[in-house]
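First up is the structure itself, then whatever we jot down about it.
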Amino acid sequence: MINLKNKPSFILIILGASLLLAFAYKSDIIGIPSIPKSLSNLTVFNNDIVFNYNDTKLNCYTIKQENMDREKWTLSQFDEVEKGSKSGIDFQFKKDFNGTLIYGLYGDEPMKYPIAVYFKKHEKIEKGKASINIRKRLSGKYDLANWEQLKKGRLAYRVLDDKNNIIINKSISFTVDSIFTIIPDLVWGPFLSRQTERFITISFATNLKCKPTVILNNIQYDLKEGKNHEITLSNMYAGHTYDYIIKIGSIEHKAQLQAAPKPGSNAKFTFAFASDSRGGTLKGETNTKGHNAAILKKMAALAVHKNVKFWQFTGDMIDGYKIDRDEMELEYTNWLTSISPFMHSTVMNVGMGNHEILMKTFGEPKKYLSVDGFPYDEYSGESLFSKFFSNPQNGPQSEDGSKYDPDAQSIDFPSYKGNVYSYVYDNVAMIVMNSNYWYTPNHRVIPMIGGNPHGYVMDKQLEWMEKEVAKFEKDGNIQHIFVTIHTPAFPNGGHSNNDMWYNGNNEIRPWIAGKAVEKGIIERRDEMLETLVNKSTKFRVLLTGDEHNYSRLVVDNNTKIYPDNWDGPKINLSRPFVQIVDGAAGAPYYAQEDLPWTPSLKKFSSQYALVLFNIDGEKIEVEVINPNTLETIEKVDL
Ligand SMILES: [Fe+2]
């Protein structure tokens, strides 16, 4: 019974509770993120976000449901799972599974590219537990780390599931007295990025929280305590090479870094390009949970062997397309682990592809009724990408503020920071684009739910690209502008039904807040060409991927680039346009397809390929090598 004497306070409580509930629906309080106004037909229903799809309410497919539906592997299952014992190392993985543990030591010798070799025997993983008896197994003639004398060592290990799929490669360092003790050391890195004449960023991750130091030019830089580390070093001299040391406790990792040369110093140099290293369909190293490690490692070895000054990698590094951030973090970590031994002294810049999406999915997960995850600042593909890759931050903000922005006050789009950017090396400018921004994978559902189709460059990004091209056109030190984007303007094998073509269907375009944007995919392609070909004299090549092969295409004004029924305006190309596709870094292959511009195709290969650009002042030579066989696929002047 309600005490009538307390009626006013009761009403206040009810009022307060309803207000709180109303607020909770708008915010994250009860675990439901607010729905971006840029999307459509999403509502909150029964404490869940639902997609109102053709009069059916499709529930959000949750991580909890997914955990019950299929075998899941996540990064946190392998976090701090090693413990020293009297005889070696015990492993207690944070998942109950049976499998195999392969392992081996890092040799006690100076190695430019430190890598371990595996021991002949392996251990069983039972119910998530395993042990390595280092004293018994890896001593005497098997002690290549010399741990018995040095009282310390580093061990690499690999986890296989019960079907022998590779789940993770990891390394761990230890000290020894009466017992083995796990100590902090590198999980991945160091990686170099954001290179300019004066600055460079070093990033790496450690297995345990620690406070590493970086030493450069006898100056010691103390880093904050943590597991993910990043430092930007400044005050370097243009073109100078420096030795640097990463110190983690008593462990030292020595490498070199270089400040970019003064722009326009016109020294001869080489840079590398590739994309699409996501996993092949086979077991073994070709699918190291998310990527083709067998090919990626060979590519990295080839790139450093060729002394490239930087490596541009544009999208589809991993399988991705996940709803669980933790699962995708394992895939990124595996990718970074694979190339870590090679890339400590070579700058690497990466761009996003479609597989980098971290999704929110509705209904049956196999139907891919998905959008880019939100809240955008912590659960989008863009936000996760920026956690792992320290790219330049000089791109546009987001599509907020475009003429389609549904609310000038709120954030309705993910950020472009770190996934759209530009950089300069000597006489070369590189513009890195993202045609999988705010990506909705199933383009047929875009009119209903909103989002950006695969391959489309949205307004603010295009506007930014135009300004960048104009800036570099005016810059007397820049002779060559390269633009890289995951999706080809002209697909040639594997993606004729999408990229910037969609079998000639210009209806394909983003929908924002229930409205289609003005320009279709083919019109947008032409707007890009207008800037790159007709308004620029320095633009050289569009570097793309997505198609798992290598191709070089030279489109001129006589090339057929429209569908037969095209009644829109046609672009007049004032000079030839060159496109190179290299999506051949390990993903499953595609063969050549027949398209209107096929007569303009100069080279097509389904081999794995690393593209090297040998820059010598005005001259650009393209050298394409299969990293698996070292066969030269082609070597031509541009
Ligand atoms: Fe792709």
Side-chain angles (χ1 to χ4, degrees), residues 273-281 286-287 290-292 295-296 299 312-322 328 331-332 335 349-359 368 370-373 380-382 384-385 388-389 414 419-420 432-443 446 451-458 461 483-503 508 510 521 524-525 528 542-551 553 579-593 595 604 606 608-611:
F273 171 71
S275 62
D276 297 75
S277 54
R278 71 180 175 85
T281 54
T286 58
N287 201 339
H291 76 286
N292 186 337
I295 295 304
L296 186 65
M299 249 182 194
Q312 175 63 44
F313 198 103
T314 311
D316 287 6
M317 288 166 282
I318 55 164
D319 285 345
Y321 276 103
K322 299 293 187 295
M328 207 139 137
E331 295 192 355
Y332 275 135
W335 193 88
N349 298 302
V350 296
M352 278 183 84
N354 48 311
H355 283 262
E356 276 72 39
I357 187 174
L358 177 62
M359 314 180 288
Y368 280 94
S370 309
V371 288
D372 195 6
S380 60
E382 290 84 354
L384 186 57
F385 182 80
F388 280 88
F389 303 102
N419 61 78
V420 173
V432 181
M433 306 282 287
N434 181 3
S435 52
N436 289 102
Y437 170 81
W438 192 51
Y439 170 46
T440 295
N442 182 341
H443 64 85
I446 287 178
N452 185 33
H454 180 57
Y456 193 97
V457 173
M458 292 182 73
Q461 190 183 163
V483 177
T484 185
I485 189 164
H486 183 62
T487 52
F490 302 99
N492 293 288
H495 280 272
S496 60
N497 57 344
N498 49 62
D499 287 343
M500 298 189 196
W501 180 239
Y502 286 86
N503 294 318
I508 303 297
I521 186 95
R524 183 49 40 110
R525 175 200 73 185
M528 280 184 71
L542 190 70
L543 301 174
T544 72
D546 206 27
E547 299 191 302
H548 309 155
N549 39 54
Y550 167 78
S551 69
L553 176 81
Q579 172 188 279
I580 283 178
V581 176
D582 182 18
Y589 78 89
Y590 292 117
Q592 195 183 325
E593 293 179 276
L595 284 140
F604 185 96
S606 290
Y608 295 122
L610 181 72
V611 182

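For ligands, and for the atoms within them, numbers begin at 1 and follow the listed sequence. Everything quoted here is computed from the prediction, not taken from an experiment.
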- [ ] Could you tell me which N, O or S atom of H486 is nearest to the Fe ion (ligand 1)?
- [x] NE2

Task: Backbone of Y437 reached by a side-chain donor or acceptor of N434 within 3.5 Å - done: yes

Task: Short N/O/S contact of H495 with the Fe ion (ligand 1) (below 2.8 Å) - done: no

Open item on the list: Can a donor-acceptor pair be found, under 3.5 Å and without considering hydrogens, that links the side chain of D316 to the backbone of D276?
Closed with: no

Open item on the list: Quick check on the Fe ion (ligand 1): does N354 put an N/O/S atom closer than 2.8 Å to it?
Closed with: yes

Task: Test ring pair (Phe, Tyr, Trp, His ring centres under 6.0 Å) applied to Y502 and H443, H495, H454, the passing residue - done: H443

- [ ] Test E331 against every option in H355, K322, R278, H291 by the side-chain hydrogen bond (donor to acceptor under 3.5 Å, both in side chains) rule and name the one that passes.
- [x] K322

TODO: Verify whether the ring centers belonging to H548 and Y590 lie closer than 6.0 Å.
DONE: yes

Open item on the list: Under 2.8 Å from the Fe ion (ligand 1) - does any N, O or S atom of D316 fall there?
Closed with: yes

- [ ] Check all N, O or S atoms of D546 and name the one closest to the Fe ion (ligand 1).
- [x] OD1

